[in-house]
A.B. asks: 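I have a structure I would like to understand better, so I am pasting it below and will then ask my questions one at a time.
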Amino acid sequence: MSNSITAPFTTATGSDIRVRFCPSPTGTPHVGLIRTALFNWAYARHTGGTFIFRIEDTDAERDSEESFEMILDGLGWLGLNWDEGVNVGGPNEPYRQSERTHIYLEVIEKLKASGHIYESYLTAEEIDERNKANGRAVQLGYDNSERNLTEEQKAAYKAQGRSPALRVRVPDVDITFTDLVRGEITFPAGSFPDFVVVRPNGQPLYTLVNPVDDALMGVTHVLRGEDLLSSTPRQIALYNAMFEAGITKFIPQFGHLPFVMGEGNKKLSKRDPQSNLFHHRDRGFIPEGLLNYLALLGWSISADRDVFSLAEMVEAFDVKNVNPNPARFDQKKADAINASHIRLLDVTDFTKRIIPYLQTAGVLGKDVSDREMAILQEAAPLIQERIVVLSEAVGMLSFMFVDAAQISIDDDARAGLPEDSKEITLAAIEVLHQLDEFVTEKIQLSLNTRLIEQMGQKPRNAFGPLRTAISGKRISPPLFESMQIIGKEQTLARLKAFAESL
RNA sequence: GGCCCCAUCGUUUAGAGGCCUAGGACGCUGCCCUUUCACGGCAGUAGCACGGGUUCGAAUCCCGUUGGGGUCACCA
């Protein structure tokens, strides 16, 4: 065992590149986590490499099956597919760490045999006491004092009924690596002590299991959050140990992605609704929009464009172009990007996508009738250019699916109407009543003639009351089109009811 | 505190020594279009944290300062 880093970093390029996404299933998927998944996915697709999906569920306390299902749900919704891993299999099964214990045990034995990990009996309290007694700063942590325990000393501890944790023997050298997004980074020798990789009860920890799986699965490029930057030299030390023990052939390249920040200067916390992937889906973000916005957090496709498709991202994406600055999640900008993507949708596709939102809101039932479908097809194009998130379709369209008697007038729709609203409404009823062909152009023509030309009303005053009567909303799809869609009978019924309420 | 990372308009991002009198987008403001709200179009607003170097020339390279963040667990 040499006291230096002897393992080489991989030089894999192109289709030899293997990246992975390895979340721990704790809680709801976070947008920062999804951004990491996206960058890994895009890099694999760009290079023609392999995208591996592994689950790190070694913490029985915090992991849950429900959370695991949510991650699957999220990735499926977004269309981020993987080549190897959970549910699809591959040459390195299983892909859930909870099922890989036997593998870790083997690796641990090899590392023990090669002398790269050693038994450590001291408890946290004892370590603190040692430091105090030796005039060493407590913050420095473990002092590597058990590196050369004799068999007698070990036996003595065991006689006391103690079981050892296992620590990695860290080489006493500077550890340098070239971060794909930050450039060369060096951690001076002695920056951290020998660290625990296996608990006294034999349970391997993340510090072991994550690099071991990456090594065994042949991962060449580790793209992950900036919070793991400080643990990279530790992992390199472990890779080196595995290399010397003949377990792996290389150290992967590392790229640390910037944080996704929330308000203030804090990481977007799990408590913040904006961090929740499903919060955005529920509001009506479409995958295209959310992925596009997330990509913008730390990356850009070109100097003068920020709306692009996933395919265009794949074509252009390279980790080397990721910006190291932390990025703030800006809801307004995210909304704007999503709105752009909604407008890009094919109308039929758009129509299909708003249906679930209308169903969830109770505007439509589980089965959509032919009549309802016909209304949707006419109405969808009218709102596609005026909503930002899909859920807004509910407020825009609900009035089309109810009877005149069920229309309720919003307060803000009532406010600001002209004094002579009743007169205007009655005049509209009169002229619309005479209309045989109840279509947009005719409706507009007769209303214009009567209200604007003959009564001398301003368009704003003339149509405000009618909009309110028809939709009950201050904001609605275009008025004349809406009248055509709900039909003459409904239009007149609503206008009459409204006139009577004045 | 040790170690590490980061630093361009309010936000995000372009910028890898002269193309920068610093570009785009979101936001905000004004105007146009207009039956509301949007969409679209036009115009405007606003930035290289600070101080030293290096260089004929620095937003770009180096050093320092300041500020922010991360990490130092028998969590992941």
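It should be emphasised that the depicted structure is a prediction, and the values quoted were computed from it without experimental measurement. To find a chain, count down the sequence lines: A is the first, B the second, and so on, and within it residues start at 1.
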A.B. asks: So, is A:N323 close to the B:rA14 phosphate, meaning a side-chain N or O under 4.0 Å from OP1 or OP2?
C.D. replies: yes
A.B. asks: Which letters describe nucleotides 19-34 of chain B, given B = protein heavy atom under 4.0 Å from base, S = only from sugar-phosphate, - = neither?
C.D. replies: ----BSBSS-------
A.B. asks: Can you tell me how far C1' in B:rU8 sits from the matching atom in B:rC50, rounded to whole Å?
C.D. replies: 15 Å
A.B. asks: Can you tell me, in whole Å, how much space there is between the P of B:rG67 and that of B:rA25?
C.D. replies: 36 Å
A.B. asks: For B:rC39, give the paired nucleotide (Watson-Crick: N1-N3 plus N6-O4 or O6-N4; G-U: N1-O2 and O6-N3; both under 3.5 Å), or none.
C.D. replies: none
A.B. asks: Ignoring hydrogens and angles, answer whether the base of B:rC37 and the side-chain atoms of A:R386 contain a donor-acceptor pair closer than 3.5 Å.
C.D. replies: yes
A.B. asks: Taking the same atom, C1', in B:rG30 and in B:rC20, what whole-Å distance lies between them?
C.D. replies: 28 Å
A.B. asks: Establish whether the base of B:rU36 is bridged to the side chain of A:R460 by a donor-acceptor pair shorter than 3.5 Å.
C.D. replies: no
A.B. asks: OP1, OP2 of B:rA7 versus side-chain N and O of A:N325: anything below 4.0 Å?
C.D. replies: yes
A.B. asks: Using both distances under 3.5 Å as the test, list the Watson-Crick or G-U wobble partner of B:rC48, or none.
C.D. replies: none
A.B. asks: Using a 4.0 Å heavy-atom cut-off, does A:E481 contact any base of the nucleic acid, only the sugar-phosphate backbone, or nothing at all?
C.D. replies: base
A.B. asks: Are the side chain of A:E453 and the backbone N or O of A:R450 linked by a donor-acceptor pair below 3.5 Å?
C.D. replies: no
A.B. asks: Give the rounded distance in Å between these two atoms: CD of A:Q384 and P of B:rC39.
C.D. replies: 14 Å
A.B. asks: How would you label the contact of A:R467 with the nucleic acid (heavy atoms, under 4.0 Å): base, sugar-phosphate, or nothing?
C.D. replies: base
A.B. asks: Which nucleotide, in any strand shown, forms a Watson-Crick or G-U wobble pair with B:rU34, with both distances under 3.5 Å?
C.D. replies: none
A.B. asks: Rounded to whole Å, please give me the gap between CG in A:L297 and P in B:rA14.
C.D. replies: 12 Å
A.B. asks: Looking at every strand, decide which applies to A:G190 at a 4.0 Å heavy-atom threshold: base, sugar-phosphate, or nothing.
C.D. replies: nothing
A.B. asks: Considering Watson-Crick and G-U wobble pairs with both distances under 3.5 Å, what does B:rG2 pair with?
C.D. replies: B:rU71
A.B. asks: Measure the distance from CG on A:D335 to C1' on B:rC39 and round it to the nearest whole Å.
C.D. replies: 16 Å
A.B. asks: Across the strands shown, which category fits A:P188 at heavy-atom distances under 4.0 angstrom: base, sugar-phosphate, nothing?
C.D. replies: sugar-phosphate
A.B. asks: Under a 4.0 Å N-O cut-off, is there an ion pair linking A:E129 with A:K132?
C.D. replies: no
A.B. asks: Describe the nucleic acid contact of A:R474 in one word from base, sugar-phosphate, nothing, applying a heavy-atom distance below 4.0 Å.
C.D. replies: base
A.B. asks: Ion pair present between A:E437 and A:K442, side-chain N to carboxylate O less than 4.0 angstrom?
C.D. replies: yes
A.B. asks: Starting from P on B:rU12, measure out to CG on A:L294 and report it in whole angstrom.
C.D. replies: 15 Å
A.B. asks: Taking atom types as modelled and ignoring hydrogens, do the side chains of A:E56 and A:N210 form a donor-acceptor contact shorter than 3.5 angstrom?
C.D. replies: yes
A.B. asks: State whether A:K473 and A:E392 are salt-bridged, where the test is any N-O pair (Lys NZ or Arg NE/NH1/NH2 against Asp/Glu carboxylate O) under 4.0 Å.
C.D. replies: no
A.B. asks: Give the rounded distance in Å between these two atoms: CG of A:L344 and P of B:rG40.
C.D. replies: 11 Å
A.B. asks: Taking NZ, NE, NH1 and NH2 as the nitrogens, is one of them in A:D143 or A:R136 under 4.0 Å from a carboxylate oxygen of the other?
C.D. replies: no
A.B. asks: If you measure from the Lys or Arg side-chain nitrogens to the Asp or Glu carboxylate oxygens, is any gap between A:E99 and A:R54 under 4.0 Å?
C.D. replies: no
A.B. asks: Distance check, P atoms only: B:rU55 and B:rC62, in whole angstrom units.
C.D. replies: 16 Å
A.B. asks: For B:rA14, take OP1 and OP2 only and decide whether either is under 4.0 Å from a side-chain N or O of A:S300.
C.D. replies: yes
A.B. asks: If you measure from the C1' atom in B:rU34 to the same atom in B:rG40, how many Å do you get, rounded?
C.D. replies: 11 Å
A.B. asks: So if I define the base as every atom that isn't primed, P, OP1 or OP2, how would nucleotides 65-76 of chain B read as a B/S/- string at a heavy-atom cutoff under 4.0 Å?
C.D. replies: ---SSBS--BBB
A.B. asks: Write down the partner of B:rU66 under the Watson-Crick or G-U wobble criteria, each distance required to be under 3.5 Å.
C.D. replies: B:rA7
A.B. asks: Would you kindly give the CZ-to-P distance between A:R343 and B:rG41, to the nearest whole Å?
C.D. replies: 10 Å
A.B. asks: Using purine N1 to pyrimidine N3 plus N6-O4 or O6-N4 for Watson-Crick, or N1-O2 and O6-N3 for G-U wobble, each under 3.5 Å, what pairs with B:rC56?
C.D. replies: B:rG18
A.B. asks: Taking the ring centre of each residue, are A:H341 and A:F308 less than 6.0 Å apart?
C.D. replies: no
A.B. asks: Is there a donor-acceptor contact under 3.5 Å from the side chain of A:E312 to the main chain of A:S309?
C.D. replies: yes
A.B. asks: May I ask you to decide whether A:E119 forms a salt bridge with A:K158, counting only side-chain N to carboxylate O separations under 4.0 Å?
C.D. replies: yes
A.B. asks: Take atom NE2 of A:H256 and atom C1' of B:rC5, then tell me their distance rounded to the nearest Å.
C.D. replies: 10 Å
A.B. asks: For nucleotides B:rG51 and B:rU13, find the distance between their C1' atoms and express it as a whole number of Å.
C.D. replies: 27 Å
A.B. asks: Looking at A:R474 and A:D412, is any side-chain nitrogen of the basic one under 4.0 Å from a carboxylate oxygen of the acidic one?
C.D. replies: yes
A.B. asks: Check this for me, if you would: do A:D306 and A:K333 make a salt bridge, where the nitrogen-to-carboxylate-oxygen distance has to be below 4.0 angstrom?
C.D. replies: yes
A.B. asks: Reading RNA chain B from 5' onward, which residue's closest nucleotide shows up sooner: A:I185 or A:M396?
C.D. replies: A:I185
A.B. asks: Provide the distance between the two C1' atoms, one in B:rC37 and one in B:rA16, to the nearest whole Å.
C.D. replies: 45 Å
A.B. asks: For the C1' atoms, the ones on B:rC72 and on B:rU11, what distance do you get once it is rounded to whole angstrom?
C.D. replies: 32 Å
A.B. asks: Whole-Å distance between B:rU36 C1' and A:L397 CG?
C.D. replies: 15 Å
